[in-house]
Amino acid sequence: MQQLTGVDEFFVGLESPTTNSVVGVLIRFDAPNQGQPLPDETFMRQRIAERIDYLPPLRQVIVKTPLHLDYDYLGEAGRVDIAAHLSTVRLPDPGADRELAAEVARIMGTGLAPKRPRWDYTVIEGLDSGGVAHLLRIDHAAVDGAMFTYVFNALSDDPPPFREADRPGVFPDPVGGSAEMLARGLWGTAARPARVAALAIGAAKWMVERFPKDGVTTLPALVAKVVPGDLGRPLVALVNKRQRRAGQPEIASMIPTFFPPKTPFNRQVSAQRSYLFTELPLAESKAAGKAFGTTLNNVVVAVCAGAIRRMLIEREVSVDTPLIVCCPVSLRTGAEENPWANHINMMYAPLPIQLTDPVARLEAVTAELTKAKSSFDNLPTHLIRDVSSLVPSAVMGLATNTLVRMPGDLSRTWFNVTISNIRGPDHVNTMNGLTVAGYHPASFLTVGGNLNLSLWSYRGKLCLGIIGAREQVGDLQPVARYLEEELAALVEAGSARHPSGASRASGATSQDAADAVEPGAQAPEQRAV
């Protein structure tokens, strides 16, 4: 069985009447030709049945460790009743994008059925195109964004080669039932001191390897990065003096502040959701980055910052202070023994909504994210998963449950908004012969974080999915226009700055899609903007 980490347990602990850790992706299709067969519920039931042996998250259930002695496990469920995980809904007339977004919002506000594999699949009919849309949801405790892409490729008409290692074993886990789980919990508790010692040895080895580059600032720089906000600011300033003298990038605290500005979307999460899906052109986004000598990721964050600024102004909320953005970052190296586990952490940085000029915002985003990325890259990220697993399971569960249930303004965290960017499939997918038009994320909302902007690159587009708590964010439909206008402003400014070079990125390629991923790790599958 696969044991959950501290990060996984945090996701599991979000389960409440108003929050959960269910990640969804809306799959849109091109309009079908007259008489063309559709990937309906019957088709998807057969497709999943054919390939579920190679998709562990669709077979696994959470197996509890008695008395919270240790972290829980993901174990084989045995036979999966696939039909129980699938459903079909029909949109009300006229079946346009607004009705589709409202249906996704409704579904994302609900949890998954307990005591069975942590996923469901909804086929949505009644679209004005005459076609269908799909919504796949999987618990984040079982899969991260990189493997979501693998799932969609695996369910397509032209899947990649399957991994034999993903096939289920002969017997469901655990074979020893509750007695085995009790033994696992006792062993995990007894082994914790040895795991702490191993972690200390790993950290010491890392510092020895870093010493030739960082010198006497190796330990101070590490401490400065992990001490949050004002507490670590004097040490950060001291280390950065050395960094500037050595011609190396400056560092920043991993958590800029424990007290970000108050916004309408940083209160207790409500049960109802608002959802918006839209698209931005990948080629134009890359062109803007090239014009200003920055990355596509920085362009995306700057565009989102401009849209959030306009959201707040529309609601008569002050935009005089930068917000704090949370960016999921992949820890994947490509050598993971179990690629299905969560290999992510979070990177935080100021989001300059206080700046009125879009070019100035892009420059500020570039500076802040470059600093945050440099700090993150030079952390012993290979040890982060191990660190999260050292917090006792009972403590992690109690802390998460307490945070989820904090009232009103007390339900806050050290960031304001989440922006995530994941590489989608590198090629055009089809299901039952119908071409997938776009994959639009529909993420979950965490404690005090009631706004999430996520995107996938696919078919020369950035497919966005924006979700928020309805009471806090209201109608998200205007945000699509804000995003388009913010990108257009950057493209226009880039064209004025480099008239001959701003149009070089006409026509996105597969390499463009490969660049539309998250900085902060070596893995190509998933990285955070």
Which atom pairs, one a donor and one an acceptor, fall under 3.5 Å between side chains of residues 103-119 and the rest of the protein, sequence neighbours left out?
unit_1, atom_1, unit_2, atom_2, d
E103, OE1, R106, NE, 3.4
E103, OE2, R106, NE, 3.0
E103, OE2, R106, NH2, 2.5
T110, OG1, I107, O, 2.6
R116, NH2, A84, O, 3.0
R118, NE, D139, OD2, 3.1
R118, NH2, E15, OE1, 3.4
R118, NH2, D139, OD2, 3.1
W119, NE1, L58, O, 2.9

Worksheet item: Is R51 salt-bridged to D166, going by a charged N under 4.0 Å from an acidic O?
Response: no
Item to complete: Assess the side chains of Y458 and E279: does a donor N or O sit below 3.5 Å from an acceptor N or O?
Response: no
Worksheet item: Shortest non-hydrogen contact from D40 to F43?
Response: OD1-N, 3.0 Å
Fill in: Side chains of V151 and L55 in contact at under 4.5 Å (non-hydrogen atoms)
yes
Discussion item. If you compare all heavy atoms of I419 against all heavy atoms of C304, which two are closest, and at what distance to 0.1 Å?
Written reply: CD1-CB, 3.7 Å
Worksheet item: Is there a donor-acceptor contact under 3.5 Å from the side chain of T149 to the main chain of R423?
Response: yes
Worksheet item: For A437, does its backbone N or O pair with a side-chain atom of K461 as donor and acceptor, under 3.5 Å?
Response: yes
Worksheet, complete the sentence: Distance col, row I308:CD1 vs L453:CG, nearest 0.5 angstrom, shows 5.0 Å
Discussion item. Tell me which one of E41, H85, H134 satisfies side-chain hydrogen bond (donor to acceptor under 3.5 Å, both in side chains) with Y121.
Written reply: H134
Discussion item. I'd like to know whether N416 forms a side chain to side chain donor-acceptor pair (under 3.5 Å) with T263, so could you lay out the CA-CA distance, the side-chain angles of the two residues, the decisive distance to 0.1 Å, and finally the verdict.
Written reply: CA-CA 8 Å; N416 298 104; T263 76; 4.5 Å; no
Discussion item. With side-chain contact (heavy atoms from CB on, under 4.5 Å) as the criterion, how do I52 and I82 come out once you've worked through the C-alpha distance, each side chain's angles and the decisive distance to 0.1 Å?
Written reply: CA-CA 9 Å; I52 194 170; I82 294 174; 4.2 Å; yes
Worksheet item: Between V303, V479, T278, which is the residue that forms a side-chain contact (heavy atoms from CB on, under 4.5 Å) with E484?
Response: T278
Worksheet entry | Rounded distance (nearest 0.5 Å) linking atom CG of D144 with atom OG of S330 | 6.5 Å
Practice prompt. With the side chain counted from C-beta on, respond yes when P264 and V473 share a heavy-atom pair under 4.5 Å apart, and no when they do not.
Written response: no
Discussion item. With heavy-atom distances below 4.5 Å as the criterion, would you say the side chains of Q2 and Q60 are in contact?
Written reply: yes
Worksheet item: Are any non-hydrogen side-chain atoms of I124 and V132 less than 4.5 angstrom apart?
Response: no
Worksheet item: Is the shortest distance from a Lys or Arg side-chain nitrogen in D53 or R59 to a carboxylate oxygen in the other one below 4.0 Å?
Response: no
Item to complete: Measure from the side-chain N and O atoms of N450 to the backbone N and O of G468, and report whether any donor-acceptor pair falls under 3.5 Å.
Response: no
Worksheet entry | From Y348 atom OH to C326 atom SG, the distance as rounded to the nearest 0.5 Å | 4.5 Å
Worksheet item: Is any side-chain heavy atom of H440 less than 4.5 Å from a side-chain heavy atom of R28?
Response: yes
Worksheet item: Going by atom types only, do N153 and S156 share a side-chain donor-acceptor pair under 3.5 Å?
Response: no
Discussion item. Any salt bridge linking R310 with E485? Criterion: basic side-chain nitrogen under 4.0 Å from a carboxylate oxygen.
Written reply: yes
Practice prompt. Drop me the distance from C463's SG to L455's CG, to the nearest 0.5 angstrom.
Written response: 8.5 Å
Fill in: Pair R98-D475, salt bridge (Lys or Arg N to Asp or Glu O under 4.0 Å): steps then yes or no
CA-CA 11 Å; R98 181 178 284 272; D475 184 9; 3.7 Å; yes
Worksheet item: Are side-chain N/O atoms of T430 and D157 paired as donor and acceptor at under 3.5 Å?
Response: yes
Worksheet item: Does the pair V63 and L74 meet the rule for a side-chain contact (heavy atoms from CB on, under 4.5 Å), with working shown?
Response: CA-CA 6 Å; V63 183; L74 289 173; over 6 Å; no
Worksheet item: Are any non-hydrogen side-chain atoms of Y73 and T65 less than 4.5 angstrom apart?
Response: yes
Worksheet item: Does L86 reach the side chain of D120, with side-chain heavy atoms less than 4.5 Å apart?
Response: no
Response to the item:
For L487 and P281 the tightest heavy-atom approach is CD2-CD, 3.9 Å
Discussion item. Angle between ring planes, W456 versus Y439, binned at 30° and 60°: parallel, tilted or perpendicular?
Written reply: tilted
Discussion item. What I want to check is whether the side chains of N429 and D158 have a donor and an acceptor closer together than 3.5 Å.
Written reply: no
Item to complete: Please report the shortest heavy-atom distance between S129 and A31, naming the atom on each side.
Response: CB-CB, 4.1 Å
Worksheet item: Donor-acceptor pair, R309 side chain versus I353 backbone, under 3.5 Å?
Response: yes
Fill in: Shortest non-hydrogen contact between M44 and P39, atoms and distance
CG-O, 4.0 Å
Discussion item. I need the F444 CZ to I467 CD1 distance, nearest 0.5 Å.
Written reply: 11.0 Å
Item to complete: Could you tell me whether the side chain of R167 reaches within less than 4.5 Å of the side chain of P56, counting heavy atoms only?
Response: no
Fill in: Under 3.5 Å side-chain donor-acceptor pair for N452 and S454
yes
Worksheet item: Can a salt bridge be assigned to the pair E50 and R45 using a cut-off of 4.0 Å between side-chain N and carboxylate O?
Response: no
Worksheet item: Does a donor on one side chain sit under 3.5 Å from an acceptor on the other, for D70 and Q3?
Response: yes
Discussion item. Set out, in order, the CA-CA distance, both residues' side-chain angles and the distance that settles side-chain contact (heavy atoms from CB on, under 4.5 Å) for S270 and T18, then state yes or no.
Written reply: CA-CA 5 Å; S270 57; T18 59; 5.7 Å; no
Discussion item. Is there a side-chain contact (heavy atoms from CB on, under 4.5 Å) between L38 and L434? Walk through the geometry before answering.
Written reply: CA-CA 7 Å; L38 299 175; L434 193 60; 4.1 Å; yes
Item to complete: State whether a side-chain donor-acceptor pair under 3.5 Å links N342 with H140.
Response: yes
Worksheet item: Counting N and O atoms only, with roles assigned by atom type, does the side chain of S274 sit under 3.5 Å from a partner on the main chain of G474, one being a donor and the other an acceptor?
Response: yes
Worksheet, complete the sentence: Shortest non-hydrogen pair, Y275 vs Q477, comes out as O-NE2, 4.0 Å
Worksheet item: When rounded to the nearest 0.5 angstrom, what distance separates CE in M254 from CH2 in W414?
Response: 10.0 Å
Worksheet item: Is it true that a side-chain atom of R47 and a backbone atom of L155 form a donor plus acceptor pair closer than 3.5 Å?
Response: yes
